[in-house]
Amino acid sequence: MKWLTYSQYLYLLAGCAFFVSVIYKFITNQDFGLQAIIAAAFIIMFFVRRKFVKRLEKHQKNQ
């Protein structure tokens with residue numbers, strides 16, 4: 001169970017890393033479209049995983 005709690009922050013960390021890369025490529029006028037999509041996907045996955053963990057914890061408390 002602890003792995004699920006910490007893994008959501010790995011998604012957030014990866015999303016931030018890709019976002020920084022997108023900013024750098026934007027400043028240097030390079031193509032950044034794919035990395036922007038990946039960064040958005042990681043950030044969305046952070047919120048999805050967070051909701052899943054909360055739902056799982058709530059379900060375990062009810063049993």
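Model, not experiment: these values are computed from the prediction.
- Linking ILVMFWY side-chain heavy atoms closer than 4.5 Å, directly or via other members, places Tyr6 and Val48 in two distinct hydrophobic clusters.
- Annotation: Phe46, atom CZ; neighbour count of heavy atoms from other residues, nucleotides and ligands within 6.0 Å is above 12.
- Annotation for Gly15 and Ala39: closest pair O-CB, 3.9 Å, computed over non-hydrogen atoms.
- By the criterion of side-chain heavy atoms lying less than 4.5 angstrom apart, applied directly or through intervening Ile, Leu, Val, Met, Phe, Trp or Tyr residues, Met45 is grouped together with Leu34 in one hydrophobic cluster.
- Expressed to the nearest 0.5 Å, how far CD of Gln35 lies from CZ of Phe26 amounts to 14.5 Å.
- Between Phe18 and Phe42, the ring-plane angle classifies as tilted under the 30° and 60° cut-offs.
- Between Leu13 atom CG and Ser7 atom OG the span is 12.5 Å, to the nearest 0.5 Å.
- Leu12 is connected to Ile38 through a chain of hydrophobic side-chain contacts under 4.5 Å among Ile, Leu, Val, Met, Phe, Trp and Tyr, so both are in one cluster.
- Within 6.0 Å of atom CZ in Arg49, more than 12 heavy atoms from other residues, nucleotides or ligands are found, so the atom counts as buried in its surroundings.
- Summarising the geometry, atom CD belonging to Gln8 is positioned 10.0 Å from atom CZ belonging to Phe47; distances are rounded to the nearest 0.5 Å.
- Between Lys58 and Lys54 the shortest side-chain heavy-atom distance does not fall below 4.5 Å.
- Side-chain contact between Tyr24 and Phe32: absent, with no pair of heavy atoms (C-beta onward) separated by less than 4.5 Å.
- Neither Val53 nor Tyr9 shares a network with the other; the hydrophobic side chains, linked directly or stepwise wherever heavy atoms of I, L, V, M, F, W or Y lie under 4.5 Å apart, form separate groups for each.
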